[in-house]
Amino acid sequence: MPKLTIDGIELEVEPGTSIIQAAEMLGIEIPRFCYHDRLSVAANCRMCLVEVKGGPPKPVASCAMACGEGMEVVTNSDMVHKARKGVMEFLLINHPLDCPICDQGGECDLQDQAMAYGYDRTRYRETKRSVKDKEIGPIVKTVMTRCIQCTRCIRFCSEIGGTDDLGLINRGEDVEVGPFIEKNLATELSGNLVDLCPVGALTAKPYAFTARPWELRKTESIDVLDAVGSNIRIDVRGNEVMRVLPRLHEDVNEEWISDKTRHAIDGLKKRRLDRPYLKSGKGKDAKLAECTWDEALKAVAERLTGVKPTEIAALAGDLVDAESVYALKLLMGGLKSPHMDCRVDGALIDTSSRGNYIFNSGIAAIEDADAILLVGVDPRKDAAMVNARLRKAFVNKQVKIALIGEPVDLNYPVETLGDTPQDVEAFIAAKDGFAKIFRDAKKPMMIVGMAAFQRDDGAAVFALLQQLAESFALVREGWNGFNVLHQAAGRVGALDLGFLPQGKDGKDFHAILDGARKGAIKALFLHGVDCFDVRQMVGKDCFVVYQGHHGDAGAHAADVILPAAAYTEKDAYYVNTEGRVQMARKAVAPLGDAREDWKIIRALGRLVGIEMPFNDLSELRTAMVKEYPVFGALDVVCPAPVSKPAAKSGVLGDQAFVNLIGNFYQTDPISRASAIMAECATTYGQDGALEDAAE
């Protein structure tokens, strides 16, 4: 390994390490605009110039030169200072004096580096050039006169986004960045271009002219709009969420987030439930009217205590946090009701072992796999950050990827092997083609989506996939390639807490709805359930209680509405699809009279005579961890075994796997209330786009 000296400090680095990377290891700052450690090297801004003693008689680009044995590098010589000032002078020749009105002001690399490394005057008096702005979609605003042609955006689109939508046009002074033919960026990750742009050429269109960075209070949290659990930073002014930015987490989302994670936040202000409601009257005259918390909780308590325990059921939705699910399970246990379920999408998953329902290998391990099989999944819509990892595996290692399921438009080559359970059986029996590649792989990986289980024969499909895992030895020493990709942020946590039918008499999701329709279930508690039209699925005499934060499908069917806090308004645990426990932190106060979920359930428990074993959040978590130790370690993936295939699990159907997410931008009550997500869905022609979401 080469040894070199940087500013008098000697170090040893891996072969191929660039000078700028070596300097970072020592904590030595080298300015840059075009260089980014997750993108290919362009070496076109020349801001990272350094002096190499005994080398070229001129400064060299540290991002493009590899470290060599005995190399002596100086980053702060007179030659380097003069070169950087000259480069900055060139960069500012055509840059407009937009700082007072630029959204990048206060967090602009060009501002910072001009102050630190630039010259205090310019020798150029020519007229600055002007460049026409480009229309590239509802997320990214362009002011292309500010562009310094660093090409970060071009490389991101091509290498990570998977769409060659941007490029350099013309030459010399006429060069500019833009689409070759004016079009919208066809990637769910386009908002990351704003973070990458070192100047104000690309800014967030929905955030334009709303706030300055020094006005904002920052809170580190996680995203709950899919099951990945992307780490985010929530920026707040007053009691309003102004923007969401990515936070670095190498094992989950690296430093990227999806457009939905970033810009669905305007939905937090629309269609909110900020006070309790109680339905009065009968028949067609029955209407929801505002009431006090005492009136709402008393009405619920009277109904729950007025029916038999076997006539009460509860369902937990997609965005629920672990603490509230634990409290609701205690409430149902105190009421002696065994009817509860969190699988409100109808997925029939074997929950006998934790390894059956989590992404066992971990999201980051996608890069280690050498053959990947997708079953009943569209990772681009189910989990955009997982899809980015899949593309990264293909780009960096040319990993072979195959799909059994509905053909989808992914941004990397995929071999389609069929779309029915029978094609899975054929794959198990096959000896050549991708089956041979998969069988010979040292680290084979199977990723299964909810479309494989959201069907009448879901249990049989699950058993078949367990058989596939056993046949191809997906679980071996040091590797577990059996992965379930969830769509709901609250699902794995609820499964870990056992929010499932209790005992042999407990009803599951399908049986609960059937019972509510036929009169066997007379009181139904919906905890954040918004994924289906409840009133059409239950009888008119069933008493429906909805606890949640948006006036969506669940609230429309309710007899009583208990307003709850959204994920930005509470401290809560969520478990992502790989089984990693993470904490969402409170950034703003709940709107109006809304309360945190666990507090509502605890108050209701007192009215029905059930004393919960906790008085505050700390005591709740202590009790929860004592009963379910998996919640005791934050940001850790606990390995779990995959159970053996069931001997009998029903008959396989011959229906094709159908992906149920047709509209990536509107999958939950928050994004469905977002005007920005409605515009994105319409712009990109997503199936089932709700164009009236802005109303």
Side-chain angles (χ1 to χ4, degrees), residues 188 223-230 251-253 258 260-261 318 342-351 354-369 371-394 399 401-406 408 410-412 414 419 424 444-455 458 461-462 464-466 468-469 474-475 480-496 531 574-580 582 637 640 642 657-662 664 667-668:
E188 299 80 17
D223 171 54
V224 303
L225 303 187
D226 60 25
V228 174
S230 296
D251 292 335
V252 181
N253 59 302
S258 72
K260 180 168 60 177
T261 298
D318 292 347
C342 63
R343 299 164 297 181
V344 293
D345 55 1
L348 300 175
I349 302 177
D350 180 2
T351 59
R354 192 172 193 249
N356 290 357
Y357 58 80
I358 66 172
F359 203 99
N360 288 285
S361 66
I363 294 171
I366 292 174
E367 298 176 37
D368 300 326
I372 301 174
L373 175 67
L374 309 176
V375 181
V377 64
D378 177 359
R380 192 167 178 180
K381 290 182 179 177
D382 292 357
M385 299 319 306
V386 170
N387 194 60
R389 292 274 190 174
L390 288 166
R391 173 169 173 78
K392 186 177 179 181
F394 169 76
V399 173
I401 304 175
L403 168 69
I404 300 178
E406 182 180 351
V408 289
L410 300 177
N411 47 23
Y412 44 85
V414 175
D419 59 1
V424 177
M445 175 182 287
M446 176 174 65
I447 301 177
V448 187
M450 291 296 103
F453 311 127
Q454 295 171 350
R455 29 191 295 149
V461 170
F462 190 89
L464 178 64
L465 295 174
Q466 288 177 306
L468 186 153
L474 296 187
V475 183
N480 187 339
F482 185 89
N483 298 308
V484 175
L485 182 59
H486 289 270
Q487 299 166 348
R491 187 63 42 79
V492 175
L495 291 172
D496 284 342
C531 53
Y574 286 89
V575 187
N576 76 346
T577 189
E578 57 183 353
R580 184 188 302 270
Q582 300 186 106
V637 177
V642 178
F657 298 120
V658 178
N659 298 320
L660 299 182
I661 295 184
F664 166 77
T667 56
D668 56 85

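- Of all non-hydrogen atoms in Asn253 and Arg389, the two that sit nearest each other are N-NH2, 4.4 Å.
- One N or O on the side chain of His486 and one on the backbone of Tyr357 form a donor-acceptor pair closer than 3.5 Å.
- Side-chain contact between Val448 and Phe453: present, with at least one pair of heavy atoms (C-beta onward) separated by less than 4.5 Å.
- The heavy-atom pair separating Ala383 from Leu485 by the smallest distance is CB-CD1, 4.0 Å.
- Side-chain N or O atoms of Arg380 include none that pairs as donor or acceptor with a backbone N or O of Val408 at under 3.5 Å.
- Side-chain contact between Met450 and Ile349: present, with at least one pair of heavy atoms (C-beta onward) separated by less than 4.5 Å.
- Once rounded to the nearest 0.5 Å, the distance linking CG of Asp496 with CD1 of Ile358 reads 7.5 Å.
- In this structure, the side chains of Phe657 and Val377 stay at 4.5 Å or more apart for every pair of heavy atoms.
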Worked verdict on Arg343 versus Leu495 for side chain to side chain contact (heavy atoms under 4.5 Å, CB included): CA-CA 9 Å; Arg343 299 164 297 181; Leu495 291 172; 4.3 Å; yes
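- With salt bridges taken as basic N to acidic carboxylate O contacts below 4.0 Å, one links Arg491 and Asp345.
- Put simply, the side chain of Asn483 gets close to the backbone of Ser361: a donor and an acceptor are under 3.5 Å apart.
- Put simply, the side chain of Lys381 does not reach to within 4.5 Å of the side chain of Asn659, judged on heavy atoms.
- The two residues Val484 and Asn356 make their nearest non-hydrogen contact at CG2-O, 3.3 Å.
- Looking at heavy atoms from C-beta onward, Asn411 lies out of side-chain contact with Phe394 at the 4.5 angstrom threshold.
- For the pair Thr667 and Ile661, the minimum side-chain heavy-atom distance is below 4.5 Å.
- With hydrogens and angles disregarded, no donor-acceptor distance shorter than 3.5 Å links the side chain of Lys392 to the backbone of Glu367.
- If you take CE on Met445 and CD1 on Ile372, they are separated by 6.0 Å, rounding to the nearest 0.5 Å.
- By the 4.5 Å heavy-atom criterion applied to side chains, Asp223 and Val228 are not counted as neighbours.
- Of all the heavy atoms in Met385 and Ser230, the pair that sits closest is CG-OG, 3.6 Å.
- The distance from the CG atom of Leu474 to the CG atom of Leu468 is 6.0 Å, given to the nearest 0.5 Å.
- For the side chain to side chain contact (heavy atoms under 4.5 Å, CB included) test with Ile447, the passing option among Leu390, Leu403, Thr577, Ile401 is Leu390; the others fail.
- A donor-acceptor pair is defined here as one N or O able to donate and one able to accept, closer than 3.5 Å; such a pair exists between the side chain of Asn360 and the backbone of Gly355.
- What you find for Asp318 and Cys531 is that their closest heavy atoms are OD2-CB, 4.2 Å.
- Among all heavy-atom pairs drawn from Glu188 and Ala384, the shortest one is CB-CB, 4.4 Å.
- A heavy-atom distance below 4.5 Å is not found between the side chains of Ile363 and Arg580.
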